Amino acid sequence: MPEEFQPRIVAFFCNWCTYLAADLAGTSRIKYAPNAEVVRVMCSGRIDVQFVLKAFAQGADGVLIGGCHPGDCHYQEGNYKALRRYRLLQRLIRQMGIEEERLRLEWISAAEGDRVRVVINEMVEALQRLGPLHKNGQAQERLMEVA
Amino acid sequence: MPDRNPVRIGVYTCHCGTNIAATVDVKALAEFAAALPGVVVSREYKYMCSDPGQDLIRHDIRDHDLNRIVVASCSPHLHEHTFRTALKVGGLNPYYFHMVNIREQASWVHENKAQATRKAKDLVRAAVCRVALHEPLERGRVAIHPDVLVLGGGIAGIHAALTLANAGKHVYLVEKEPTIGGHMAKFDKTFPTLDCAACILTPKMSAVRSHPNITLLTYSEVTKVDGYVGNYKITVLRHPRYIDEDLCAGCLECLEACVYKQAKVPDEFNMGLGKRKPIYIPFPQAVPQVPVIDPETCIQFKSGKCKKTCIEACGERHAINLQAEATTQEIEVGTVILATGFRAFDAARAPGYGYGRYPNVYAALEVERMVNASGPTAGEVILRDGRRPQAVGIIHCVGSRDENTNRWCSRVCCMYSLKLAHLIKEHTGAEVFNFYIDIRTPGKGFEEFYQKLLTERVHFIRGRVAEVTDWVFDPSEDGKLVIRVEDTLAGFVRRIPVDMVVLATGLEPRADAPEVRRLFNISCASEGFFLERHPKLAPVNTFTDGVFLAGCCQGPKDIPDTVAQAGAAAAEALALIDAGYVETEPNTARVIEEICCGCKTCNSMCPYHAISFVGEIHKSRINEVLCKGCGTCVAACPSGAIRQNLFEDDQIYAEIEGILTHA
Amino acid sequence: MARSYGYFPGCSLKGTGRAYEESLLTLFRVLDLPLAELDDWNCCGATSYMAIDETAAFGLAARNLALAQMAGQQDLLAPCSACYLVLRKTQDYVGRYPAIAQEVNTALGNGNLKILNSVRVRHPLEVLYMDVGTRRLSEKMQRTWHGGPVACYYGCQMVRPYTEVDRAFNPTRMDELLAAVKVPTVDYSLKTKCCGGSLTGTTHSVGVELNRILLKEAVRKGAQAIVTVCPLCQYNLDAYQSEIRRITREHIEMPILYFTQILGWALGGDIGSLGLKRAISGRKTIGQWFTETRVEKEAYA
Amino acid sequence: MQRELKLQREADPEWARHLSERPGCEGVFSCLQCGACSGSCPLSIYMDFTPRRIIALAREGFRKEALRSKTIWLCASCYSCAVNCPRQIHITDVMYSLKREAIQFRLYPKRFPVPILSQEFYKMVRRRGRSSEFWLVLRLALRSNPLMLLGMLRSGWDLMRTGRLSLKRERIRDTGPLSRLTAERKPLPARGLAPGEVA
């Protein structure tokens, strides 16, 4: 049987909620797919549109953004800024011919260790259905232009 | 400023015993790292966080003159500080360091060793690429305001406040209720020693009142929190008591004088079992000794037609002011201790047990008041109709260990149920049945107390009660409450008729916990209790510096544990205060003026108003003291003129590249 | 124009439970709520089918759901508690276990029936409580009750494990509906205890004992009749009273009614078409209680 | 003296695992053994093992003990156990699953009416799409204990005179899907069958 496609996901997690949730998942020994690799930022508000495009350009099949629940941001409202940029990005990548499922924003609090498992596993499944991004020539060109 | 020497990186892979080594091939990882650009030394070791582990780093810095360090071990939230200190001691700027989390994010969450190792390699590669671009940074310092806010006047808050006050710090003790004392003030005896709660609590309460270093703000709530560790500005809302605390002498003649000759309002402190007047004092030893008027029930407030006999009685003192209104007060503190306590589970949420349906089904706190000599029944355990119960059933784990209500074990119910069993038997001589799933007595003298109860012939039936009903199956059950349960040890189902049922309700987070959490910017665990920074190593700290936890707001615990935790929280606060300052992380943002085009996009981004626009040079500027380092402005700057220490764009790009470069 | 409800009678309502169907139809007629019986419906599978073949059991129920869906019904009324539960449970499990959904679909697929969970399975009690409401019932009340107090018996499968119809513990909606038409009810602690279902047919003595307990406690609480929502409950409580009298020598003789009979009567439904004559026990009492007596309307001066 | 001793080789942990993977049976391993199920069960007082003990037997892999018990046949599916369970275990479904297995492997007391009723009911509905109470009871009696009919004369007569007894044999038009459904039926794997037990 053929080797199943293993998507690569770059995950930007905020330091105070989602990164801690991932830690909790660890201490609770919750098992999930090994396809997502985390870049820690202090706040989801730090996540630059360029980071996401760069990740796609560098060969990521999906990008996950994790922040605090609305109203819970450690820096009061950074996550709202993240939400705005996420919406912008969704439009942007659609125009570039990249499926929206490849970019996901999730509010995951420090208490929601299992949510990390659910989200990452879901995303891996979705990406396995979509297949590798580099197969998508048009998107590649566009990415090269912007990133 | 970036240093010119060529990058010489040392990579250290930790086994963490077998925590990492079991699922990640540490040898392969270390060899992989050794081959990465700029890596001079790559080692793996059992415990990097141990002294020998840290020495390893220091010696290599010296012998191999390393100028960058990467440690692949656990979460930076656990040991980043440890290793940065190691660098410092080794004579290297602590920010030439990056940590890779291959435990929480690899070995503990993946099963396939090959995949876990592959991921660990990616992460290490990313760190190596990133650390090469690190620059030396210095931590800033912020002076700490020596005053402390303690929120909640239960035993936890009281103990913390006294500890701090005795250490010469000024404490603001804010309590929602008209008196301090919390739940403990309601108890009669405390387990397992059975010493009287009042006798050990009330002296501490009066100590609070008389202590020169404590400002007691009862009947008050925190409504706003500004600032950060060292310099908090707290807004406190003070509800009107209608009696001036400074003028009142606590003679309580106003209570006597009230036009209500008989108390007729259900009394909150006695769980509604007793009655009080519209003007009342929660209980005789209340602190402060100042009555409070309840506008809901006071005739003057309802109709405006009252003889105001209370005001007459007060006479020359003029302590009573029915026009009084809520006031707000601003206080400045450097540290905060949250001791907001718990809420008892509402027994009506366990419908099978008939609370609220059958009058003689009681919640534990009601019985606590009943057995209390100064309670509504003067210590008599009686049914609603005044009869003495001949048989009493105590049902454990009500609202606890139950997927339908609360999952957790509330920790104190077993012991307080045993205590109540003992007291009820003592007061009434009734047959007492305990219905339990497990008896949990992990504490000093707890198991001994259990043994004592067994020899007192209190019945212990292992089985979770299915229902409490008045259905009469057999004439012997007429007029009784019947408890139906499987006696799982005897191995058959039993029907046990009793006169009184006591529900050992569990502990749960207060309804206002989410608001408090948001005010102080801390996290809650999934069940809603406040989340400590580390379950073992930082049990009273939160993820917000300068905010500490004490007592049941962090999770169910008994009095000794609460007091111990309160002391610990006070000590943590003292440690900060006496240091005089806190070091701030250097991950602040700065504007590169040459690039800034003065578009002001960033100005509105900052929630801390750290960014200002300098008119004369037509550029924005960031005040590093105010900047908290979230980086939102950095991402927002259209011309890329803002940069953030430790989270520079090129550092993050390097990290992304590192992750995605296929090995 | 009132919207119509899909109606799934189930096997019992065509046999032992006839009175239930008759009174239900009468009641919905006086409320002018049209009922559309599902064409070519099949047995829900009850409790027995599940004991042999799970997939088939779900499939049976699924076929009915599919029929209702194709008939364009939004609601499917299942008066029999067992039918209600099986249909409801099927939707739940088909939703929760893709494997089950798959098997059931392939089986039904060929008969080009697809399971669609858009149909809402409902019990008449809940429809009357939510869609009609107690206020409208008291407004439409035509006859005043001069019978004795009754015990509302909810049984098990209507309130457990799914709680859309009413609470699993101490449900009260039937009491409220009867109160709306001025019928006194007693606080009946056994209102959700099981009647034994088919046990009266299989392990007879046990089944009968369960019903003895239910009847005895109702008497102790001062009830002169028991009101049910399920054909099986009604049959068990109704059919074995003489036997219970013989065994226990306790004088127990009380009517076992359907809530639809009382409501239908109170709202002025044709007494002849409430299936009252189909009762086995307490026929005399029924004769005395269910008579032509109109609400005396107060004259306004 | 009767000796009561269980050897571990008599247990079948594999079967327990398999059971715990059937729909509705997932919870068995999280059982607290608190007895809330047995306490709330109206029939536990007639059972040879209380529901709690069935769960205990099942998850320890004592297959035959669980399948041969009267308990699973006395369960009237009233779901009290399920709503009372602090671990939200669908105990009723566990009972169903055990019934299915017991019937498939004939591990029930001979002439015991409950499984017979189920089988007769199953046959009737599969063939005709609906059940007809009269004929169902008749077949049940004939296969379990014909004397039963005598006891039923009274209630039979009552039903007759109140017009509640229908001799009509109900049947639906389109029985296609039903037969296909039953064709779908896939038997449970034969586990730990003792010699003489037929699958």
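Please read all numbers here as calculations on a predicted model, not as lab measurements.
- For chain B, no part of D:Cys81 is nearby; none of its heavy atoms comes within less than 4.5 Å.
- Minimum heavy-atom separation, B:Ala466 to D:Gly39: CB-C, 3.3 Å.
- Proximity to chain B among residues 145-170 of chain D is not found for any residue, judged by heavy-atom separations below 4.5 angstrom.
- Using a 4.5 Å cut-off between heavy atoms, D:Cys85 touches chain B through its backbone atoms (N, CA, C, O) alone.
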Any idea which donor-acceptor pairs are under 3.5 Å between chain D and chain B?
residue: D:Leu32; atom: O; partner: B:Arg462; partner atom: NH2; Å: 3.2
residue: D:Gln33; atom: O; partner: B:Arg462; partner atom: NH1; Å: 2.5
residue: D:Gln33; atom: O; partner: B:Arg462; partner atom: NH2; Å: 3.1
residue: D:Cys34; atom: O; partner: B:Arg464; partner atom: N; Å: 2.7
residue: D:Ser38; atom: OG; partner: B:Glu486; partner atom: OE1; Å: 2.7
residue: D:Gly39; atom: O; partner: B:Arg484; partner atom: NE; Å: 2.5
residue: D:Cys41; atom: O; partner: B:Arg484; partner atom: NH2; Å: 2.7
residue: D:Thr50; atom: OG1; partner: B:Glu486; partner atom: OE2; Å: 2.7
residue: D:Arg52; atom: NE; partner: B:Glu486; partner atom: OE1; Å: 2.8
residue: D:Arg52; atom: NE; partner: B:Glu486; partner atom: OE2; Å: 3.2
residue: D:Arg52; atom: NH2; partner: B:Glu486; partner atom: OE2; Å: 3.0
residue: D:Cys85; atom: O; partner: B:Asn404; partner atom: ND2; Å: 3.1
residue: D:Pro86; atom: O; partner: B:Glu403; partner atom: N; Å: 2.6
residue: D:Arg87; atom: NH1; partner: B:Arg401; partner atom: O; Å: 3.0
residue: D:Gln88; atom: NE2; partner: B:Asn404; partner atom: OD1; Å: 2.9

